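Only one structure is covered here, and it is reproduced in the block below.
Labels below follow one simple rule: chain letters A, B, ... track the order of the sequence lines, proteins then strands, and each chain is numbered from 1. Because the structure is predicted, anything quoted here is derived from the model rather than measured.
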Amino acid sequence: MATKNYAGTTVDVNEEGYFTDPSQWNKEIASEIAKEEGIELTDKHFKVLEMLRQKNDAGEALSIRGINKSGVVDVKTFYQLFPGAPLKKATKIAGIPKPASCV
Amino acid sequence: MSDNEHPVKKVNIICAKGNIEDIYATLVLGNGAVMEGIEANLFFTFFGMEGIVKKWMKKPHTAVIGNPAMRMPVLGSRMPTLLGVIPGLESLVSSMMRKQMDDLDVPPIDEFLDLFTAGGGKLYACKLAMDMFKLKEEDLTEHVSGILTVGEFYELAGGEGSHIIFT
């Protein structure tokens, strides 16, 4: 298992850079991962990240449809907040495992 | 696992058949591409028009006759062809399939197209199929960006790292 240093903290990550222990995450760490992905985090981003972490804690499978129905963000905004590969980037920044969903 | 030097940058997916599984193969591939940051164009033609004509797209069907892979629920054995002629069976099997997909968070077609286009995906209708089925632009879902000839489709599909997929 690899480790990475974010905001002065060493965290455990897998070979793709996803957290293996979501409890090691905090907002400063999130901002640093986001910078690596070329994203400057705003309050809107954090609302989405918290929603993703809650869903992950609840054991819910993450899907783009689930995010649309979450009431926190619509899909269009979600794509704008995390351009490129939104669900992959957002989960990485949120410090939770990469989603295994096809939809 | 991946070839980082030659990533897939764009997919152009042709949907020419209108069974549930054909339309969904197109939608899952297309939406999956958009989710990965890959540009996606869907081109609907012939029976694939089932997926974009407003009054047809609500309840797509699957084939219970001539489909050897169709298995019976619970029993798991192949469905005898003769059963397929029972009135209403195709509708029943199709609605069961739609229900199963919904349980897995696979949305109905119109909602799926909402998600796909919100992510920047584009869909197009085939000019020839429009003429053949005597369809007008207003018959199509508002998600459709345009009606194309084959030549225009190929033009659209151009570019490095672009792939054409036939579902």
Within 6.0 Å of CZ in B:Phe46, more than 12 heavy atoms from elsewhere
no
Could you pull out all residues at least two apart from B:Lys17 that satisfy salt bridge (Lys or Arg N to Asp or Glu O under 4.0 Å)?
none
When only heavy atoms count and the cut-off is under 4.5 Å, which of residues 47-79 of chain B reach chain A?
none
Hydrophobic cluster membership, B:Leu89 vs B:Met97, 4.5 Å side-chain cutoff:
no
Mind checking whether B:Met130 and B:Leu156 sit in one hydrophobic cluster, side chains of I, L, V, M, F, W, Y counted as touching below 4.5 Å?
no
Decide if atom CG of B:Leu82 counts as having more than 12 heavy atoms of other residues, nucleotides or ligands within a radius under 6.0 Å.
no
Any link between B:Leu140 and B:Ile23 through a network of hydrophobic side chains (Ile, Leu, Val, Met, Phe, Trp, Tyr) touching at under 4.5 Å?
yes
Region of B:Leu104 in contact with chain A, defined by heavy-atom distances below 4.5 Å
backbone
Please enumerate all residues that pass side-chain hydrogen bond (donor to acceptor under 3.5 Å, both in side chains) together with B:Ser162, with sequence neighbours excluded.
B:Asn12
Could you tell me the separation between the CD1 atom of A:Ile64 and the CZ atom of B:Phe112, rounded to the nearest 0.5 Å?
10.0 Å
Would a single hydrophobic cluster contain both B:Val150 and B:Phe166, if residues Ile, Leu, Val, Met, Phe, Trp and Tyr are joined by side-chain heavy-atom contacts under 4.5 Å?
yes
Cluster check A:Met51, A:Val103: I/L/V/M/F/W/Y, side chain < 4.5 angstrom:
yes
Inter-chain donor/acceptor N,O pairs below 3.5 Å: chain B to chain A:
unit_1, atom_1, unit_2, atom_2, d
B:Glu36, OE1, A:Lys88, NZ, 2.6
B:Gly37, N, A:Gly84, O, 3.1
B:Asp102, OD1, A:Arg65, NH1, 3.3
B:Asp102, OD1, A:Arg65, NH2, 3.1
B:Asp105, OD1, A:Arg65, NH1, 3.3
B:Asp105, OD2, A:Ser63, OG, 3.0
B:Glu111, OE1, A:Arg65, NH2, 3.1
B:Glu111, OE2, A:Arg65, NE, 3.0

Identify the two heavy atoms, one from A:Val75 and one from B:Ala118, that lie closest to each other, and give their separation to 0.1 Å.
CG1-CB, 3.8 Å
For B:Glu138, is the CD atom crowded, meaning more than 12 foreign heavy atoms sit under 6.0 Å from it?
yes
